[in-house]
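This chain uses plain numbering: 1 for the first residue, then up along the sequence.
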Amino acid sequence: MIIYIFKRLLLMIPTLLGILFFTFLIIQFVPGGPVEQLVNKLSGLNSITESSSASSLYRGSNGLSDEHIAQLNKFYGFDKPFIERFFIMIKNYTVFDLGTSYFHNQSVGNLVLSKLPVSITLGLWSFIIVYLVSIPLGIKKAVNDGSRFDLVSSTIILIGYAIPGFVLGIGLIVLLGGGSFFDIFPTRGLISDNWSELSTFGKITDYIWHITLPVICLIIGSFAVM
């Protein structure tokens with residue numbers, strides 16, 4: 001058993017490296033990278049133009065010399081070969097150096113830490129709902145096989161499988177988050193700006209008010225895993 005677990009853990013290493021490689025490959029070669037966006041800003045362009053010279057590397061490079069483009073590539077590390085950039089990234093990751101976000105101009109580690117409260121909150125709610133809703137309902141569905149409850153729950157499960165999570169989220173925002181219909185629930189943040197000024201009961205209700213839309217998505221999703 002210990003040998004099996006050890007082998008499975010070792011198998012994670014090439015799997016993780018493969019995921020990192022293909023992700024890095026896609027990100028490096030898709031259009032709209034940091035150099036191209038900075039060139040557009042420096043050129044005074046709001047969008048990438050449709051016409052460009054045959055010798056230009058970027059469509060938005062009109063107005064900047066090739067020397068400036070080369071300097072920008074060197075600044076962002078794009079002057080190095082692709083495989084060298086990949087191994088530099090792996091080396092930095094081994095010491096937990098996630099680098100700096102090109103678009104936010106902040107440490108990636110700080111950005112991840114700033115989003116952890118939301119991720120942890122949703123993770124905890126997902127854990128609680130799955131165990132408190134899905135498991136009991138799954139047991140009841142198995143015990144009452146062929147009953148009306150079994151039929152209704154099966155229908156809900158099929159609907160849950162058929163609706164992608166991002167579609168459900170957008171639909172709830174449009175319907176209840178100030179889209180085209182009702183402005184009932186907030187769509188950003190876990191608490192209000194004046195949360196520290198609220199009473200204990202007010203803080204609890206404010207948190208529940210902010211978390212309602214994600215929890216609705218989790219409840220619907222919990223039916224799909226029964």
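- Within the structure, every pair that satisfies the salt bridge (Lys or Arg N to Asp or Glu O under 4.0 Å) test and touches residues 143-156, not counting sequence neighbours, is listed here: Lys141-Asp150.
- Of all the heavy atoms in Pro117 and Thr121, the pair that sits closest is O-OG1, 2.7 Å.
- One finds the OG1 atom of Thr212 at 9.5 Å from the CG atom of Leu176 (value rounded to the nearest 0.5 Å).
- Across every non-hydrogen atom of Arg85 and Lys80, the tightest pair is NH1-O, 2.6 Å.
- Residues Phe181 and Trp209 share a single hydrophobic cluster, defined by chaining ILVMFWY side chains whose heavy atoms lie under 4.5 Å apart.
- The CG atom of Leu25 lies 5.5 Å from the CZ atom of Phe21; values are rounded to the nearest 0.5 Å.
- Rounding to the nearest 0.5 Å places CD1 of Ile191 at 11.5 Å from CD1 of Ile211.
- A continuous path of ILVMFWY side-chain contacts below 4.5 Å connects Ile13 to Phe6, so both sit in one hydrophobic cluster.
- Taken from NE2 in His210 to CD1 in Ile208, the straight-line distance is 12.5 Å, to the nearest 0.5 Å.
- By the side-chain contact (heavy atoms from CB on, under 4.5 Å) test, Leu20 pairs with Leu16, Phe86, Met89, Ile90, Tyr93, sequence neighbours left out.
- The ring pair (Phe, Tyr, Trp, His ring centres under 6.0 Å) search around Phe127 returns Tyr131, not counting sequence neighbours.
- Looking at residues two or more places apart in sequence or on another chain, you find no side-chain contact (heavy atoms from CB on, under 4.5 Å) involving Ser119.
- Remark: Asp97 pairs with no residue by the salt bridge (charged side-chain N to carboxylate O under 4.0 Å, His left out) rule, at least two apart or across chains.
- Evaluation of the side-chain contact (heavy atoms from CB on, under 4.5 Å) rule for Leu132 yields Ile128 as partners, not counting sequence neighbours.
- Hydrophobic clustering, with ILVMFWY side chains joined whenever heavy atoms are under 4.5 angstrom apart, groups Phe182 together with Phe185.
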Under the criterion side chain to side chain contact (heavy atoms under 4.5 Å, CB included), I'd like the reasoning laid out for Ile88 against Glu84: C-alpha separation, chi angles, the key distance, then a yes or no. CA-CA 6 Å; Ile88 290 175; Glu84 182 180 350; 4.1 Å; yes

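- In the displayed structure, Phe87 atom CZ is contacted under 6.0 Å by at most 12 heavy atoms of other residues, nucleotides or ligands.
- Cluster partners of Leu158: none. The rule joins Ile, Leu, Val, Met, Phe, Trp and Tyr whenever side-chain heavy atoms lie under 4.5 Å apart, and it links nothing here.
- Relative orientation of the Phe82 and Phe24 rings is tilted, given thresholds of 30° and 60° on the angle between their planes.
- Judged as a side-chain hydrogen bond (donor to acceptor under 3.5 Å, both in side chains), the pairs with a partner in residues 189-200 (not counting sequence neighbours) are, in order, Ser192-Asp206.
- Here Ile5 pairs with Met1, Leu9 under the side-chain contact (heavy atoms from CB on, under 4.5 Å) rule; sequence neighbours left out.
- Taking Ile, Leu, Val, Met, Phe, Trp and Tyr as hydrophobic and joining them when side-chain heavy atoms fall under 4.5 Å apart, one finds Leu113 in a cluster with Leu116, Ile120, Leu124.
- Every residue two or more places apart in sequence or in another chain was checked for a side chain to side chain donor-acceptor pair (under 3.5 Å) with Thr155, and none qualifies.
- Residues Lys203 and Leu198 share a closest heavy-atom pair of CE-O, 3.4 Å.
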